[in-house]
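Worksheet: one structure, shown below.
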Amino acid sequence: MEPRRIILAQVPRFLREMLERAFDKVPGIRIVAEVADLAQLPAVLDRTGAQWVIVSLPPNGTVANGIDRLLAAHPSVRLMNVASDGSHVTMKWVEPRQQTLDTLSMSELIELLSMNHTIE
């Protein structure tokens, strides 16, 4: 099975390094790009064919503008917004659907990214 391709977007250095170390140990997950500016994300998605985008949530917890348009243009992509302190995760995809997961452990995060089906 082909590994899950993940893009890290606007992820602070500490969180990015933690995710890189964790994902390096999982054969079914691969970080294919890092994006500092969300305006670059559509082109990077087109180039990499990533299935997941992990974006750091700002302190106010608001998902970035334009995410719904991005997901509509890339309906197979799942977006995971991670609080920079790791306190919660919000997932979003095209249907539109959103789910908040509190107290998600690193092993649960890896399992979630490895799944072949959508969250219900």
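One is the number of the first residue; the rest follow in order along the sequence.
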Hydrophobic clustering (ILVMFWY, side-chain heavy atoms < 4.5 Å, transitive) - are Phe14 and Val11 grouped together?
no
Do Leu45 and Leu70 pass the side chain to side chain contact (heavy atoms under 4.5 Å, CB included) test, and can you show the C-alpha distance, the side-chain angles, and the key distance before you say yes or no?
CA-CA 10 Å; Leu45 274 169; Leu70 176 77; 3.7 Å; yes
Give, for atom CD1 of Ile29 and atom CD of Gln51, the distance between the pair rounded to the nearest 0.5 Å.
10.5 Å
Residue pairs passing the side-chain hydrogen bond (donor to acceptor under 3.5 Å, both in side chains) test with at least one member in residues 23-45, sequence neighbours excluded, are Arg16-Glu34
For a side chain to side chain contact (heavy atoms under 4.5 Å, CB included) check, start with the C-alpha distance between Arg5 and Thr48, then their side-chain angles and the critical distance, and finish with the verdict.
CA-CA 8 Å; Arg5 294 177 307 279; Thr48 63; 5.5 Å; no
Exactly one of Ile7, Val35, Asn81 clears side chain to side chain contact (heavy atoms under 4.5 Å, CB included) with Val55, and that residue is Asn81
If you measure from CE on Met80 to CG on Leu19, what distance do you get to the nearest 0.5 Å?
9.5 Å
Can you measure from CG (Leu8) to CG (Leu15) and round to the nearest 0.5 angstrom?
8.0 Å
Residues at least two apart in sequence or cross-chain that pass salt bridge (charged side-chain N to carboxylate O under 4.0 Å, His left out) with Arg21, listed by chain then number, are none
Kindly give the heavy-atom pair with the smallest separation between Pro75 and Ala72, and that separation in Å.
CD-O, 3.7 Å
If you look at every heavy atom in Ser56 and Gln10, which pair is closest and at what distance?
CB-O, 3.1 Å
